[in-house]
Amino acid sequence: MELILLTKSSVPVIGQVAYILGMIMDALFKFTSQFGITNIGLSIILFTIIINLLMWPLTVSQQRSSKLMSVMQPEIQAIQKKYKNKTDQASVMRMQSETKAVYAKYGTSMSGSCLFLLIQMPILFALYQVIYKIPAYVPSVYNVFQTIADPLMRQNGYISVLNEIGTKIKPALGDEASLNMVIDFLYKFTPEQWTMLEGKFPALAATIATGAAEIGKMNYFLGVNLSTAPFQGFMPNPAWIIPFVSAAVQWYSAKLMTDATRNRKSSRADEENVMAQQMQSMNTMMPLMSLFFCFTLPAGIGIYWVASGLCRMIQQLIINSQLNKMDIDEIVKKNLEKANAKALKEGKSPSQIKSNTDKVLRNVKKQEQEAENEEEALQKKIDRAAKQAADSSAYYNKNARPGSLASKANMVALFDERQMEKKKNKGKQESQDE
């Protein structure tokens, strides 16, 4: 059995992507080493920044699609209401056809966001492989451990000694342990365990001490051992800050993303939108999952999550700024241009395509105008309520101290006046009706 699954992944695509990402990580480690900095934590941060920059075009494309979805949502919800509680095959097929037609009308597809995930998922899985298994994928780190593991494996009874020192590292090493398994095991050692290992093999004490000192420089970032989990019992330690920072960053990053893709009119529609509710639940669950995993997984994973979350926050702020400047009908227009070019190649009528484009753009303008009118009406209602509250307070406190019996008497008088006014208006209305 492979030790904590720390050997290289053999999964198709993920294994190959992880190998490439490992080479990038190794290049960064060598680059920082030229300046006398041999630290895995710094390499993880630089690595995370570069990967996020490489994925920038995909992120922007996905955000534009999400913003477009906020415009399409009222039409999609109307279709969902139309076929609500209709579970027969014919109704389901008609609903799918009508939904597909809405996507086509706006020049996008139902699989657009899925395609983004399909491209992103192998990269994300490969990233975790590299961060979680650094010695396996970063040759520069592997070589340092090998200088200790090679001579150690020539010593009698080394496996029982390693298992005795690393009692908490599971599963234990077997009699047929390979070099990679021994390196994986040693990667989990703390400074105290390295000292114990020196005492067990006096002949290798100098080699172990030299290697352990170099590993300490590589593996410690701001006083935290990146190869061990922050949770080592209920006694707090400095590594505990990583899970909490990671959860906070994940939460704020998700909030920025939600704000970017939400249409002004979509907040009310989201109440009835199952997909939006699921997304909101995910935005709550992800920070909690981040908190748990960063406590229980090696601190290197936590450093990656914090760095990745900060990168996404900065990216999202930039993307939000771009999307706010970009009118929604401009996004729709560009999408339609691409879809129309494809339709022309398929032999569809130019006049039919133009008619469809004009109809969609009119619909977008109409929704934007409705959203503005709704926002303006809401603001007027808020202003009216504020004015009424201010007038009432002024009347209550007229010629009286606030909270005094006189002010309460004024309150009753104002109530009576309003009731009389209502009765008077009601009487006038009944006279007119007669």
(request) Verify, without hydrogens or angle tests, whether Q315 (side chain) and N52 (backbone) share a donor-acceptor contact under 3.5 angstrom. (result) yes
Return the set of residues passing side-chain contact (heavy atoms from CB on, under 4.5 Å) with [X] (not counting sequence neighbours), or none when no residue passes.
X: L310; value: V249, V306, M313
X: A212; value: W194
X: L42; value: T32, I37, N39, L46

(request) Scan N219, I215, L162, T195 and name whichever one has a side chain to side chain contact (heavy atoms under 4.5 Å, CB included) with F189. (result) L162
Could you check whether any side-chain heavy atom of [X] comes within less than 4.5 Å of a side-chain heavy atom of [Y], counting everything from C-beta outward?
X: M181; Y: E176; value: no
X: I44; Y: F221; value: no
X: L28; Y: I50; value: yes
X: L152; Y: L197; value: yes

What residues form a side-chain hydrogen bond (donor to acceptor under 3.5 Å, both in side chains) with [X], not counting sequence neighbours?
X: S253; value: none
X: K30; value: D26
X: S43; value: none

State, to 0.1 Å, how close [X] and [Y] come at their nearest heavy-atom pair, and which atoms those are.
X: Q155; Y: F201; answer: CB-CE2, 3.6 Å
X: T147; Y: T207; answer: O-CG2, 3.6 Å
X: Q193; Y: G166; answer: NE2-CA, 3.8 Å
X: Q129; Y: A18; answer: CB-CB, 4.1 Å
X: A177; Y: V182; answer: CB-CG2, 4.3 Å
X: A126; Y: I14; answer: CB-O, 3.7 Å

(message) Show every ring pair (Phe, Tyr, Trp, His ring centres under 6.0 Å) that has at least one partner inside residues 140-173, sequence neighbours left out.
(response) F145-Y187
(message) Filter on ring pair (Phe, Tyr, Trp, His ring centres under 6.0 Å), then keep only pairs touching residues 46-77, sequence neighbours left out; what's left?
(response) none
(request) Applying ring-ring contact (aromatic ring centres under 6.0 Å, His included), name anything that partners Y304, two or more places apart in sequence or on another chain. (result) Y128
Within this structure, what is the [atom1]-[atom2] distance for the pair [X] and [Y], rounded to the nearest 0.5 Å?
X: Q96; Y: I79; atom1: CD; atom2: CD1; result: 11.5 Å
X: Q77; Y: K81; atom1: CD; atom2: NZ; result: 6.5 Å
X: D184; Y: K133; atom1: CG; atom2: NZ; result: 9.0 Å
X: M55; Y: C311; atom1: CE; atom2: SG; result: 11.5 Å
X: R312; Y: Y252; atom1: CZ; atom2: OH; result: 14.0 Å
X: L291; Y: M289; atom1: CG; atom2: CE; result: 11.5 Å

(request) Verify side-chain contact (heavy atoms from CB on, under 4.5 Å) between F293 and I301, making sure each step is shown before the conclusion. (result) CA-CA 9 Å; F293 285 125; I301 293 286; 6.0 Å; no
(request) Can you sort out the partners of E164 under salt bridge (Lys or Arg N to Asp or Glu O under 4.0 Å), two or more places apart, ordered by chain and number? (result) K200
(request) Taking salt bridge (Lys or Arg N to Asp or Glu O under 4.0 Å) as the test, write out the residues that go with K86, two or more places apart. (result) none
(request) Give a yes or no on this: more than 12 heavy atoms of other residues, nucleotides or ligands lie within 6.0 Å of atom CG of N156. (result) no
(request) State whether the number of non-hydrogen atoms from other residues, nucleotides or ligands found under 6.0 Å of Y220 atom OH is greater than 12. (result) yes
List the atom pairs, with distances to 0.1 Å, where a side-chain N or O of residues 228-248 and a protein N or O form a donor-acceptor pair under 3.5 Å, not counting sequence neighbours.
unit_1	atom_1	unit_2	atom_2	d
T228	OG1	N225	O	3.3
Q232	NE2	A229	O	2.8
N237	OD1	A239	N	2.9
N237	ND2	P230	O	3.0
W240	NE1	P230	O	3.2
S246	OG	S290	OG	2.5

